[in-house]
Amino acid sequence: MIFKKRTHTCGELRLTDINSQITLNGWVSKKRDLGGLLFIDIRDRYGLTQIKIAPENTEAYTKAIKLGQEFVISVSGKVIKRESINKNIPTGEIEIEVSEIEVLNESEVPPFVIEEDVKASDELRLKYRYLDIRRKNISDNLILRSKVSHIVHRYFEKNNFVEIETPVLMKSTPEGARDYLVPSRVHKGKFYALPQSPQIYKQILMVSGMDRYVQICKCFRDEDLRADRQPEFTQIDLEMSFVTQDDVFEILEGMFGEIWKEVKGIELPVKFRRMTYDEAMKNYGSDKPDLRIRGDMKIENLSEIVKNSEFKVFQDALSVKAGVVAGIKLSGKEVTRKIIDSLTDFIKKLGFGGLGYLKYNSDGTVQSPMTKFLTEEILTGIKELFKAENGDTVFILSGENLKVLQSLGSLRLKFAEDFKLTDETIYEFLWVTDFPLFHYDEEEKRFFAEHHVFTMPKDEYIKFLDSRDKDEVESIRANCYDLVLNGHEITSGSIRIHKPDIQKKVFDMIGLTDEEAKMKFGFILEAFRYGAPPHGGAAVGYDRVIAILAGLKSITDTIAFPKTLRATSLMDECPSEVSGIQLEELGIEISKPAVKQ
RNA sequence: GGAGUCGUAGUUCAGUUGGUUAGAACGCCUGACUGUCACUCAGGAGGUCGCGAGUUCGAGUCUCGUCGAUUCCGCCA
């Protein structure tokens with residue numbers, strides 16, 4: 001098909017282009033028919049330009065009058081100054097006096113109007129994603145994503161990293177998340193797995209001497225989804241040899257520094273704040289604290305102050321070994337009966353009997369259902385600890401340590417949201433370090449690796465690898481770290497075990513026999529026997545980073561073709577059934593679901 | 001796997017205590033209008049109230065089931 005190709009995009013013409021003869025290609029966005037004069041906004045991904053068609057130009061006018069929304073057109077004409085300026089768009093000072101118009105393609109009436117402030121539901125937008133992407137709000141995210149990708153590639157090349165592609169069809173390793181499986185036709189009854197991350201390959205590449213590896217890669221996890229979790233997502237995956245934790249931090253700080261500088265024009269600190277996991281849990285009840293919250297709202301431990309209290313709820317909590325009484329202060333907000341009730345509801349859903357509170361009224365009195373159980377000394381102690389002033393409210397929970405801290409952490413976030421205490425204009429990066437290596441699972445009565453089985457314990461804890469005492473084992477801290485941004489985990493990594501004896505002890509701890517270890521991880525263990533260098537790395541949750549840069553709550557709109565929470569694609573309707581022949585070739589039979597009565 | 005919210009015109013929504021012919025806005029179609037930019041004005045078409053069952057003289061409205069979207073917990077780095 002021959003057509004007049006564009007000389008400019010729909011976003012670039014300005015006053016300086018006046019009198020130029022130009023051609024634009026794009027979509028009909030809006031038509032304003034004044035009976036005689038006809039104005040049309042023509043759109044492409046660069047912007048919007050108004051074209052003017054006068055009835056005197058009979059041929060162009062007859063064509064133009066019949067144009068519908070989303071028709072694809074080529075218009076040629078002269079750039080002229082507008083009689084009345086539109087300040088809302090960059091091309092608002094000019095318009096095109098059309099001499100010639102060509103319809104390149106017609107369009108059916110779209111199922112929703114393509115405009116920035118779209119009214120359509122997510123469901124409809126996903127079904128017609130190609131129309132959704134015509135909206136600037138979405139296309140800008142994809143363009144941003146591409147820009148960051150270029151920055152990342154450039155940065156790592158400059159830092160002497162090698163970009164290596166690792167297999168998408170790999171061996172299923174049952175540790176961690178559920179794998180997506182791909183049946184093998186050649187080996188009936190056997191399956192490949194799609195990578196949850198290229199973890200094992202990148203460590204083997206370190207054994208190969210590749211030294212500094214990076215890859216922006218797709219990862220897959222067959223788990224239930226959330227707003228910030230898609231079944232397939234993207235990581236910036238990296239691994240380095242002969243490094244310590246600080247070297248990995250430095251490389252990533254540099255990377256985020258460049259991204260923020262180029263995308264946001266913001267200079268990030270050269271080094272990010274750091275906090276240990278234990279500090280984060282103790283102060284914020286979370287391993288990914290949001291540090292943007294005004295007043296910080298740290299959790300305070302009240303166990304010492306109330307230990308002699310006769311209040312039964314506190315006594316019960318403190319009588320068990322891991323029991324604690326702790327609280328959090330909400331400053332200067334009017335806490336009504338209604339708010340207390342809704343907070344109590346919130347806390348009850350987390351498994352508590354109730355929520356204690358001390359409300360310091362403006363007249364100096366203290367309002368609380370607990371005052372009658374607490375002595376003057378205790379009340380003073382609490383008030384002093386929190387530096388509570390009139391108008392503040394202190395909320396108190398008691399029970400098992402971790403649960404109390406996490407729940408106060410949730411409460412902290414809820415306060416931040418309900419009372420708008422978060423400074424949305426800043427970016428708070430934070431390294432959380434020294435994660436526990438293991439946790440004990442009460443149901444399965446065994447230890448599990450907190451991060452993954454190749455994580456190196458910190459030197460001073462290696463002695464506990466032979467212990468089986470729950471407290472001792474759970475006290476082991478690892479060379480394992482997360483990077484947290486505004487309360488979101490955006491990077492996770494560790495220094496890996498490169499010594500076979502330590503690796504064996506870790507396998508022993510999680511109850512993996514030599515034989516099982518060999519079956520699951522044999523190839524990597526074998527590789528490690530041939531001179532594995534000390535190494536470590538991390539993986540950056542790319543979709544989340546883009547979402548934060550774009551100011552989005554969900555990662556969905558950072559992805560061109562995302563899936564729903566039930567892991568389907570509404571546009572192409574996958575997953576879908578396959579033919580009997582396809583199944584037969586794979587040696588697969590579908591078991592019939594039990595008929596419901 | 002569990003809990004919540006939502007599902008009514010092409011779209012976004014309203015629809016009272018269960019009661020006659022289910023409404024609005026935008027979009028669409030027709031007509032008028034030569035400086036609009038959310039153009040304006042006049043008229044018109046457009047409905048399996050997600051689907052199925054039940055209660056009832058009568059269901060968009062109540063009950064149960066089911067499907068889909070979404071938020072959270074479990075799960076997941």
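Proteins get letters first, then strands, A, B, ... in listed order; numbering begins at 1 in each. Source: prediction; values computed, not measured.
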Annotated protein contacts, base or backbone, on nucleotides 68-77 of chain B with a non-hydrogen cut-off under 4.0 Å, one of B, S, - each: SSSBSBBBBB
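- Ionic pairing of D132(A) and R135(A) is present here: one or more N-O contacts between side-chain nitrogen and carboxylate oxygen are shorter than 4.0 angstrom.
- Within the structure, every pair that satisfies the side-chain hydrogen bond (donor to acceptor under 3.5 Å, both in side chains) test and touches residues 548-561 of chain A, not counting sequence neighbours, is listed here: R125(A)-D557(A), R129(A)-D557(A), R145(A)-T558(A), S554(A)-T556(A).
- The nucleotide G43(B) finds its pairing partner in C29(B), both defining distances of the Watson-Crick or G-U wobble pair being shorter than 3.5 Å.
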Expected list for residues 401-409 of chain A: side-chain donor-acceptor pairs under 3.5 angstrom, two or more places apart:
from    : atom 1 : to      : atom 2 : distance (Å)
K403(A) : NZ     : G351(A) : O      : 3.3
S407(A) : OG     : K403(A) : O      : 2.7

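- In this structure, I51(A) places its CD1 atom 13 Å from C1' of C37(B), rounding to the nearest Å.
- I65(A) places its CD1 atom 13 Å from the C1' atom of U30(B), with the value rounded to the nearest Å.
- Remark: G54(B) base-pairs with C62(B). Criterion, Watson-Crick or G-U wobble with two distances under 3.5 Å.
- For A24(B), the paired base is U12(B) (Watson-Crick or G-U wobble, both distances below 3.5 Å).
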Worked verdict on C10(A) versus R43(A) for side chain to side chain contact (heavy atoms under 4.5 Å, CB included): CA-CA 6 Å; C10(A) 297; R43(A) 179 191 64 231; 5.9 Å; no
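- A search for salt bridge (Lys or Arg N to Asp or Glu O under 4.0 Å) contacts involving E424(A) returns R292(A), not counting sequence neighbours.
- Scanning for salt bridge (Lys or Arg N to Asp or Glu O under 4.0 Å) contacts around K136(A) gives D140(A), with sequence neighbours left out.
- Looking at heavy-atom distances under 4.0 Å, S121(A) makes contact with sugar-phosphate atoms alone, never a base.
- Within the structure, a side-chain polar atom (N or O) of Q69(A) is placed less than 4.0 Å from OP1 or OP2 of C28(B).
- Expressed to the nearest 0.5 Å, how far CG of N19(A) lies from CD of E97(A) amounts to 10.0 Å.
- Among residues two or more places apart in sequence or in another chain, the salt bridge (Lys or Arg N to Asp or Glu O under 4.0 Å) test is passed with E474(A) by K470(A).
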Show each protein N/O and nucleotides 2-10 of chain B N/O combination with a separation under 3.5 Å, one pair to a line.
from   : atom 1 : to      : atom 2 : distance (Å)
G10(B) : O2'    : P111(A) : O      : 3.0

Listed pairs, N/O of protein and of nucleotides 38-40 of chain B, under 3.5 Å:
from   : atom 1 : to     : atom 2 : distance (Å)
C39(B) : OP2    : R32(A) : NH1    : 3.4
C39(B) : N4     : D33(A) : O      : 2.2

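- Note: NZ (K127(A)) to C1' (G50(B)) measures 13 Å, nearest angstrom.
- For residues 89-100 of chain A, proximity to RNA chain B is found at E95(A), defined as any non-hydrogen atom under 4.0 angstrom from a strand atom.
- Residues passing the ring-ring contact (aromatic ring centres under 6.0 Å, His included) test with Y481(A) are F249(A), sequence neighbours excluded.
- Using modelled atom types and a 3.5 Å distance limit, the side chains of D345(A) and S342(A) yield no donor-acceptor pair.
- In this structure E232(A) satisfies the salt bridge (Lys or Arg N to Asp or Glu O under 4.0 Å) test together with K218(A), K563(A), sequence neighbours excluded.
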From CA spacing to verdict: side chain to side chain contact (heavy atoms under 4.5 Å, CB included), F233(A), F220(A): CA-CA 7 Å; F233(A) 60 100; F220(A) 307 84; over 6 Å; no
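- Taking atom CD1 of residue I85(A) and atom P of nucleotide U36(B), one finds them 13 Å apart after rounding to whole Å.
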Test log, rule side chain to side chain contact (heavy atoms under 4.5 Å, CB included), inputs F429(A) and I490(A): CA-CA 10 Å; F429(A) 287 81; I490(A) 57 163; 4.0 Å; yes
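- Rounded to whole Å, the separation between the C1' atoms of G68(B) and A77(B) comes to 29 Å.
- Residues satisfying the ring-ring contact (aromatic ring centres under 6.0 Å, His included) criterion with F395(A), sequence neighbours excluded, are F415(A).
- If you check G74(B) for Watson-Crick or wobble pairing at under 3.5 angstrom, you find it has no partner at all.
- Contact annotation for E108(A): no contact, since no heavy-atom pair falls under 4.0 Å across all strands.
- Evaluation of atom-type donor-acceptor distances gives no pair under 3.5 Å for the side chain of E83(A) against the base of U36(B).
- Pair assignment for G7(B): C67(B), on the basis of Watson-Crick or G-U wobble contacts that are both within less than 3.5 Å.
- Applying side-chain hydrogen bond (donor to acceptor under 3.5 Å, both in side chains) to R477(A) and the options D434(A), T276(A), D278(A), T433(A) leaves one that passes, D278(A).
- F39(A) places its CZ atom 16 Å from the P atom of C33(B), with the value rounded to the nearest Å.
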